[in-house]
Amino acid sequence: MAIRRDVTGRALPRGDADTLFHEAIVQKSETVMPHERAPHDRAPNERLAPEQVIPQQRPIPMSLLLLAALAVHLPLLLMKLPLKSFDTNFHIFFASHYLHHWFDPWNTNWYAGFSQMTYPPLPQQWVAVVSHVMGLDLAYMAVQMTAILLLVLGVYRFARLWVSPRAASYAALASVFVGAESFLVYSAGQLGTTSAAPLYLNALPFLYEWVRFGRWRAFLKASVLFTAAAAAHHATLLFGSFFFALPVLALALRDHEEGEGRVSTPAFVARTLAIMVVVGAAIAAVLLPFWIALLKYPVTQTPIPHASRANYLLSPGAGLNYFVVPYGALVLALPFIFWRGAAVARLRPLLLGFWVAFLVGLGGTTPVGHLLLGRAFEVLTMERFSYWASLLALPFVGLLALEMIQRFRMKAMVSLAVLAAATCAFAVSWATYRPADAADFKVDDVAIWLNRDGHDKYSYITLGFGNKISRLAMETDAPSEDGEWNSGRLLPELTKYGAAALTSSKYFGKPGLDSLRAILEHADHYGLKWIFVRDRYYDPLLVFAGWRPVDSLDDNTIIIWAKDGIPPAMPVNAPQIPPHWQGMMWGILPFGSSLLAILVMLIPEGRRRELEAEESYPSDETLVPGRMAS
């Protein structure tokens with residue numbers, strides 16, 4: 001029977017629960033190693049070898065970790081920096097629709113009518129709910145801040161499966177500064193991705209507990225968190241969840257075979273299948289309208305090019321944007337990640353998950369993305385894979401920080417702090433130096449013009465508005481054939497060509513201009529009478545297509561073009577409107593899954609359970625090559 005010892009090497013009584021809970025993680029060793037001796041017991045010039053640097057300290061309190069996240073990100077969010085990102089206004093636009101039409105996901109503002117059930121609604125629905133108190137913009141910032149706080153908690157819980165609590169707390173602290181998180185929040189604006197990943201991370205420790213120990217509370221908590229995460233983002237469910245869940249299952253299987261209290265392999269397999277079936281059924285029910293829409297209208301449109309799929313070696317600009325900025329100083333830890341992950345058997349599943357996500361995140365630089373994703377490679381953007389790889393790397397980062405601080409003390413602390421701050425600052429400032437839309441202008445005058453004199457009876461498009469088209473769509477009821485949610489569009493003039501929003505047609509070359517010409521040719525079919533132009537590049541094309549300028553706004557920086565003989569806009573996508581029962585499900589089940597998750601997570605674990613968890617953590621000694629505990 002292993003003797004429990006404190007940090008000075010003294011044996012602890014087995015019944016002293018308070019001491020076990022509050023002291024550092026006990027070492028299962030019969031002897032006192034040099035690093036376990038008190039400082040006054042060491043020789044004055046005695047130096048610790050690298051494998052002896054195994055600190056036994058308490059983890060950083062979660063309250064301090066959450067305060068660090070608030071201190072870094074709350075001021076940036078209150079400054080509304082994400083509003084300049086690519087997708088933030090798109091998410092706020094969806095939330096605006098839920099604010100006014102909670103049970104009716106059919107949105108007539110884009111694509112001559114489209115269904116918002118083509119995108120999981122949970123983050124946008126929370127924005128809509130919170131906006132009753134603080135408005136849509138600040139509500140978005142509040143939901144994003146909550147996701148950041150949940151990420152800190154989730155990284156800590158996830159990292160505890162792999163490393164000691166102290167190292168896990170360093171990993172959680174690193175999540176505050178990780179470049180990929182700041183890149184997605186302030187530059188990409190991917191609220192769905194940054195909301196779903198923390199929920200998965202918080203669910204994974206309960207998955208581990210269930211498949212290894214068969215605890216029903218863990219089964220319940222894992223199930224509701226997985227379901228809520230699926231309601232937040234579909235791509236994270238379909239692709240990202242495997243990068244996290246499979247290593248955890250492999251770890252549980254390894255610990256199950258080598259640890260105490262073994263159960264039969266059939267029981268282990270049965271638990272795994274049970275949670276897969278239950279979670280799969282729950283996700284199928286909660287997102288049923290989404291699956292129906294996906295099966296009825298699969299994404300078969302011509303792929304739209306994206307810089308994240310480029311070869312970063314041949315496209316340095318793409319490499320800077322999608323590799324250097326998201327990873328930052330994390331690239332310095334790559335040698336340690338590969339060496340330690342390969343050398344320590346416990347960490348190998350985590351290394352494999354990181355390595356695959358890392359390779360896919362390189363886009364077209366390697367063939368891995370094409371081979372693993374198939375056609376989905378032409379639909380997805382790769383920055384989300386770099387984000388998942390960064391999160392998978394954090395337990396290694398926490399372990400590295402732990403060992404560096406133990407060996408070099410203040411020098412390591414200062415160096416790590418500088419690197420972390422530089423990584424975060426670089427990713428945040430990148431959104432300022434390379435904003436999604438450099439043009440800073442208001443669309444209020446355009447919305448006022450559309451909303452008066454019956455102008456909103458006709459549809460419109462914009463040219464040169466960038467991501468402001470989402471903001472404009474929130475301020476008017478006039479329909480438009482344009483939009484920013486590419487997977488939601490069904491108009492043949494848009495899906496036939498490999499271009500995204502019409503407002504940025506010229507940036508997609510010939511496919512973009514061909515798509516614009518096709519829409520202009522069928523203007524009478526859609527009731528398209530107004531075109532708001534901020535880029536004179538399009539003037540010759542409009543003149544050739546029979547349009548003429550009729551008005552100007554914003555000191556003649558916006559020219560309004562019109563075409564005679566256009567009838568009022570009429571519904572052209574009526575057969576695609578989902579039935580009422582789907583709208584009711586969409587308004588109840590996804591949001592309800594998050595409320596259920598909140599209630600279930602309030603179920604206490606109990607003091608005995610906490611002590612058992614403390615004893616099951618891996619010690620730092622077991623994670624050093626050549627010093628594996630028996």
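The chain is numbered in sequence order, starting from 1.
Aromatic pair F338/W355: ring centres closer than 6.0 Å.
Pairs passing the salt bridge (charged side-chain N to carboxylate O under 4.0 Å, His left out) check and including a residue from residues 219-236, sequence neighbours excluded, read K221-E605. Annotation: side chain to side chain donor-acceptor pair (under 3.5 Å) contacts involving residues 387-396, sequence neighbours excluded, comprise E181-Y387. Applying the side chain to side chain donor-acceptor pair (under 3.5 Å) definition to pairs two or more places apart or across chains, none involves residues 62-72.
Judged as a ring pair (Phe, Tyr, Trp, His ring centres under 6.0 Å), and not counting sequence neighbours, the contacts of W216 are W210, F219. Considering only residues two or more places apart in sequence or on other chains, F239 meets the ring pair (Phe, Tyr, Trp, His ring centres under 6.0 Å) condition with none of them. When the side-chain hydrogen bond (donor to acceptor under 3.5 Å, both in side chains) test is applied to H234, no partner is found at least two apart in sequence or on another chain. Residues passing the side chain to side chain contact (heavy atoms under 4.5 Å, CB included) test with P335, sequence neighbours excluded: none. In this structure Y327 satisfies the side-chain hydrogen bond (donor to acceptor under 3.5 Å, both in side chains) test with no other residue, sequence neighbours excluded. Listed by chain and residue number, F226 satisfy the ring pair (Phe, Tyr, Trp, His ring centres under 6.0 Å) test with Y200 (two or more places apart in sequence, or in another chain). Applying the side chain to side chain contact (heavy atoms under 4.5 Å, CB included) rule to T423 yields the partners A329; only residues at least two apart in sequence or on another chain are considered. Evaluation of the side-chain hydrogen bond (donor to acceptor under 3.5 Å, both in side chains) rule for W586 yields Y98 as partners, not counting sequence neighbours. Y140 meets the side-chain hydrogen bond (donor to acceptor under 3.5 Å, both in side chains) test with T88; sequence neighbours excluded.
For the 3.5 Å distance criterion, the side chains of Q124 and Q116 fail to qualify, holding no donor opposite an acceptor.
Ion pairing between R271 and E209 fails under the 4.0 Å rule for side-chain N and carboxylate O.
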Test log, rule salt bridge (Lys or Arg N to Asp or Glu O under 4.0 Å), inputs E403 and R340: CA-CA 12 Å; E403 297 183 3; R340 185 59 60 87; 2.7 Å; yes
